[in-house]
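So the structure is just underneath, and the comments pick up after that.
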Amino acid sequence: MGETEKNGNGATGAASSRADFASMGALRETMAAYFESLRSAAEDHTAPVAWCSSVGPAELLRALGFAVYFPENHAAMLGASRTANRYLPLAHAQGYSPDTCSYLASDIGAWLAGETPLTAFGLSAPPRPDVLVFNTNQCRDVRDWFAWYGRTLDVPLMGITSPRSIDEVTDIEIDGVTRQLEALVPRLEAVAGTRLDASRLSAALSASHDGSTLWSACLATAAARPAPLTFFDGTIQMGPAVVLRGLPEAAAYYRILLAELQQRVDQGIGAVPGESLRLYWDGMPIWGRLRALATTFAEFRTSVVASTYCNSWIFTLDPDDPFGSMARASLELFIVRSEEAKERYLEQMVERYDVDGMIFHDCRTCATNSNTRYGMPRRLTERLGLPTLVLDGDMNDLRCYSDDQSRTNIEGFVEQLTDARAANRRGTRA
Amino acid sequence: MTLFAGIDSGSWNTKAAVIDADGRVLATAVVRSGADLEGAAERAYKAALAKGGLTQRDVAAVWSTGFGRNSVPFAHGSRTELDCHGRGVAFYVPGPLVVIDIGGQDAKVIRLDASGLRLSHRMNRKCAAGTGSFLDEIALRLGVEMQDLDRLAQTSTDELELSSFCTVFAGTELLSLIRSGKRPADLAKAAYRSLVKRITAMDVLQGKIIATGGVVAYHPTVVTLLSQACRTEVAVSPHPQEIGAFGAALAARDAGSTPEVERDESTSPRELKVRDVP
């Protein structure tokens, strides 16, 4: 067979070692500019600063002129830099349980330690907030997290208390969240010192819609064989989709990335040389083990082609119905949905990306994003005949992750899938 | 006579098995792994060869498995213990079946279909409860040697429950029960019952169930309690402690004849290339 592999379209691509994305330079510049805007807002007072939960009302904040900071992005940086474990004990000593959100605990711990990876971007500390804005659509923990800062820094805390575990999103839920969003406006205006301008809100919504549409198109290229990017690539590339909501810079970057991905698809260049197996990842990233996991899967010629996580920053927003569409978008997200709705979504993703199996990350401190706990993996296997694997870990607390056990689990899963494929082809499957 | 060997490099013990081309076990050996896994693999292999009156020249291929499968420098390939325990049991017992492996540091439930292909696996969740380590702690607390724990449990007359979820907690709970006058024999049986409860929570256990691993080899009370919990007779595989090594030896034998596994001669001999079937 040599070193060349045919892809599903019949084109032949060299199974070379993995090439970095040419767009990485543009990504670094885009993110650096974002962090500079935060620095400028906080230190030069060029704009008021709002802290926002990752799928909170960022467009509304941008329309009011806030520089928007996302503590979850900071927490992910702590995880990815493998420094979170240094800070977790500081928050635990404050009374936060080791069993609850390690994003919350590592971020608060880093604040208490007076340390931050943001120094790499010219910030001496996270930008001091003028307001803390949450939406509990993703979990209750963001409110508890921001509440600590509210008490510690004497900063107003406000947000959306969202319905959760929704099966079908109806006007009942949308109307309720719409009214909450509208009620936020005068309170935010008071902090921002300006009135909400409808055209600015419209522009922010359009920018978010464009950015997330292009991000979605980028992720969709992984349906190709071989997939030009993996879930692990996605966790890095998703930065603009998260922190640049409401701004045109996200769409500008994803146009560049999409062009490169489409070129890779046309040339049959896969993110995993010799892609043999395709998997889907559900649940949080294990931030401190991204490279190690990417290497392990590549070693087994297995591409984790898609994920729930990276697909979670895709919003359908309508500038002509700003509050209603923001409300709807916040409720339609996977994390806000019922088990049944989630299973319908995952079934679509399995088909769209033509995966051989699914990995569920049981994240110790994020029950909300661990879809292993009410029997879903088994139900999917029984209903779809799709092999599933549960990996135990955590997004930030590496004490909850075993390198050896995970490697055995992954390697065993690859063996299982490969042997089954071989048996099916030989016609020897029972 | 063409022979094959398997090394199961476990966190507690390293096991070796030498087989002929028909899968007949010619010799096995078990040594403590210690901190030198490579050394233990070599010692186990040499011990097995010596027991069988064999030499390395007689062996065409060696494959490894287990926690330390990548620490066996003389292995030509490797498969996970999930594969090798299933493969080993399936050699003796036709599927579909469930293999329960209880080792020193982990427990596994492996499901195979009628042709012996693995359908799924479950491993214990970063916790020694439900493994040999748990029994080690219990024996220590009861002041008995591990090899005497089962004999002690068989004299139990009173059904006690150890409520703890955790090995460390179980240890302190034992002390409380001892202070309250409970008999060591009943406590030993309660510990086995607690271990079995952890296993039965790992997966749905029904149909044909075969147990493997050092724990079932030396603690038959575990098998009895498993059978009661599963409401079916749980059998113990031949060579329960060495079944992983046996499975690795079978993998070594089958590697030459299985089209989907190729060895890339340009790489390290113990690197397994899993390739798509053309």
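The analysis underlying the following values was restricted to heavy atoms, covering all of them including side chains, and did not include hydrogens, waters or symmetry mates. These numbers come from a predicted model, not from an experiment.
Atom CZ in Arg407(A) sits 10.5 Å away from atom OG1 in Thr80(B) (nearest 0.5 Å). To the nearest 0.5 Å, atom CZ of residue Arg378(A) and atom CG of residue Asp203(B) are 4.5 Å apart. Distance CZ/Arg118(B) to CG/Asp419(A): 7.0 Å, rounded to 0.5 Å. Asp392(A) CG to Met123(B) CE: the interatomic distance, rounded to the nearest 0.5 Å, is 10.0 Å.
Looking only at side-chain heavy atoms (C-beta outward), Gln405(A) and Asn124(B) come within less than 4.5 Å of each other.
Other residues, nucleotides and ligands contribute more than 12 heavy atoms inside 6.0 Å of the CZ atom of Arg383(A). Crowding of Tyr374(A) atom OH: a count of heavy atoms from other residues, nucleotides or ligands under 6.0 Å not exceeding 12.
Closest of all the heavy-atom pairs between Ala423(A) and Leu117(B) is CB-CD1, 3.3 Å. Gly412(A) approaches His121(B) most closely through the heavy-atom pair C-CE1, 4.3 Å. The two atoms that bring Leu119(B) and Gln416(A) nearest to each other are O-NE2, 2.6 Å, heavy atoms only.
For chain A, the option among Ala114(B), Ser115(B), Gly116(B) with the highest count of heavy-atom pairs below 4.5 Å is Ser115(B).
Heavy atoms closer than 4.5 Å to chain B are found nowhere in Leu277(A), neither backbone nor side chain. Interface remark: Asn409(A) contributes backbone and side-chain atoms alike to the contact with chain B (heavy atom separation under 4.5 Å).
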